[in-house]
Amino acid sequence: MRVLVTGGAGYIGATAVDILIAQGYEVSVFDDCSTGHADNVASGVTFVQGSLLNRSEIAEALKGCDAVMHFAGKSLVGESVEKPELYWSVNVGGTRNLLDEMRAAKISKLIFSSSAATYGEPEVLPILETASNRPTNAYGATKLAVDAMITDEARGHGLSAASLRYFNVAGAHKSTRGWLRERHDPETHLIPNVLRSSTSKTVKIFGTDWPTKDGTCIRDYVHVVDLIDAHIKALNSLGSAGHEIFNLGSGGGYSVREVIAAATQATGSQIPFIDSPRRAGDPAVLIADISKAKRILGWQPTRNLEVMVSDTLASFE
Ligand code: UFG
């Protein structure tokens, strides 16, 4: 089976490419390299550098493919608030183009990178896939809109699809070519920022007065390798037309202070940090209910926070 990995030059997509190849899949990559890195794409992989806004480039990339893992898209919450039109254009318009070209090419299997940002501030924890969707930013709104579009494509045109709603993806993957890791600029994510914290560039704790056990936000971190394992299981679970949504997290949560403690343990030295005001738009606690993915996909994440931190640290060296 040949899988088109859109966003295959990015952190999560490149990890998917490497693991798919190791498991015997044929892979094509489609990426505009706006945030991805061409050097993430393994030599020998069919690579079309192109945009989701260009339908002929998508059609070119889909040639010979049997399924699509769609990671490509804009994924910064803050940027989405400042430039909503960019998010609606690339994430929603771009995915519309992809679905149309998939239909034209008679490709009916799709795994989509959705997000916990579709839920917004949760009413009930842990969060089930049936929770209400009230995204608090354009990023979450566009992921939710694409999920709805995929549901309709499945109903109307026989697409067989799964949307995977990521919680906090972390860690790194040791490929045959070295570590594949987060290479965002600027980096906004907690674990890399904590591991890079120094007295001259000290990581900020965004809020110490949240209604949690230690006053800092709690998030559900999932290792990128466990995440890709779920993608491959989801791909293999696709049958006749339909659309299923699965949460992907670990089912548990860690506070920002607990992440700093894990990093202190991994590095063997005290991580400098500054207690700072809350960051706009952050919910206090996000924890996934992952029982649906466990039950239907037979998936079980196996790498805990210590592994996510130590792999990220190793990937910096
Ligand atoms: N945080 C800090 N200091 C930092 C960075 C983060 O204290 O320098 C805190 C945040 O306030 C938050 C937690 O650490 O409480 C995690 O923050 P991240 O930025 O690493 O991740 P988010 O939870 O904000 O966002 C992630 C994904 C988004 C997705 C969202 C789903 O990165 O793409 O989960 O809710 F939308």
Side-chain angles (χ1 to χ4, degrees), residues 7 10-13 35 71-81 87 91 112-122 125-127 129 131 133-144 146-147 163-171 181-198 201-224 227 247-250 253-263 271-290 305 308-309 312:
Y11 158 56
I12 302 174
T35 53
F71 298 92
K74 295 285 159 196
S75 62
L76 295 176
V77 170
E79 182 185 59
S80 82
V81 176
Y87 280 67
N91 291 1
F112 172 60
S113 303
S114 187
S115 170
T118 54
Y119 299 116
E121 185 84 45
L125 289 165
I127 302 171
E129 291 84 352
N133 294 119
R134 288 174 308 175
T136 54
N137 50 63
Y139 169 65
T142 60
K143 290 289 180 182
L144 185 61
V146 172
D147 283 343
S163 287
L164 306 181
R165 290 192 171 159
Y166 305 170
F167 282 66
N168 288 66
V169 186
R181 59 172 173 83
E182 296 194 66
R183 290 160 70 189
H184 302 125
D185 185 21
E187 184 55 76
T188 59
H189 289 148
L190 180 65
I191 293 177
N193 283 350
V194 165
L195 288 170
R196 288 208 180 95
S197 184
S198 64
K201 195 162 180 281
T202 307
V203 69
K204 294 177 176 166
I205 297 183
F206 295 138
T208 54
D209 58 350
W210 295 96
T212 60
K213 56 189 172 186
D214 65 15
T216 67
C217 285
I218 292 176
R219 292 289 180 275
D220 183 337
Y221 298 88
V222 58
H223 195 291
V224 64
L227 186 93
N247 287 338
L248 297 183
S250 66
Y254 294 98
S255 73
V256 174
R257 289 201 199 284
E258 286 172 333
V259 170
I260 293 174
I271 304 282
F273 60 85
I274 307 173
D275 289 354
S276 304
R278 292 181 179 190
R279 183 173 70 176
D282 270 341
V285 183
L286 289 176
I287 297 175
D289 185 315
I290 57 169
L305 181 67
M308 294 180 227
V309 169
T312 307

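Whatever order the structure lists ligands and atoms in, that order sets their numbers, starting from 1. Fair warning: this is a prediction, and the values are worked out from it, not measured in the lab. If you read the sequence from its start, that first residue is 1, and numbering goes on from there.
- Each of the atoms 35 (O) of ligand 1 lies under 4.0 Å from some heavy atom of Leu286.
- Assignment of Tyr221 to the shell around ligand 1 is supported, since a heavy atom sits closer than 4.0 Å.
- Considering backbone and side-chain atoms together, Asn168 places an N or O closer than 3.5 Å to an N or O of ligand 1.
- At under 3.5 Å, not a single nitrogen or oxygen of Tyr166, backbone or side chain, sits near a nitrogen or oxygen of ligand 1.
- Residue Leu190 touches ligand 1 through backbone and side chain together, judged by heavy-atom distances below 4.0 Å.
- In the candidate list Glu182, His184, Arg279, Lys143, Arg279 is nearest to atom 18 (P) of ligand 1, counting heavy atoms.
- The single protein non-hydrogen atom nearest to atom 8 (O) of ligand 1 is Asn193 ND2, 3.4 Å, given as residue, atom name and distance.
- Proximity to Lys204 (heavy-atom distance under 4.0 Å) selects the following atoms of ligand 1: 2 (C), 3 (N), 4 (C), 7 (O), 8 (O).
- Closest heavy-atom approach to atom 7 (O) of ligand 1 among the candidates Phe206, Tyr119, Trp210, Phe167: Phe206.
- Lys213 has a carboxylate O that lies under 4.0 Å from a charged side-chain N of Glu258, or vice versa, which qualifies the two as a salt bridge.
- For ligand 1, the atoms closer than 4.0 angstrom to any heavy atom of Cys217 are 15 (O).
- In this structure, the salt bridge (Lys or Arg N to Asp or Glu O under 4.0 Å) partners of Asp209, at least two apart in sequence or on a different chain, are Arg278.
- Residue-ligand proximity, Tyr139 to ligand 1, at heavy-atom distances under 4.0 Å covers atoms 29 (C), 33 (O), 36 (F).
- Applying the side-chain contact (heavy atoms from CB on, under 4.5 Å) test to Ser114 and every residue at least two apart in sequence or in another chain returns Phe112, Thr118, Lys143, Asp147, Ser163, Arg165.
- Below 4.0 Å from some heavy atom of Ile205 lie the following atoms of ligand 1, by number and element: 7 (O).
- Listed by number with element, the atoms of ligand 1 under 4.0 angstrom from any heavy atom of Val77 are 36 (F).
- Every atom of ligand 1 with a heavy atom of Val256 under 4.0 Å away is listed here by number and element: 7 (O), 9 (C), 14 (O).
- If you number the atoms of ligand 1 from 1 as listed, the ones under 4.0 Å from a heavy atom of Val203 come out as 8 (O).
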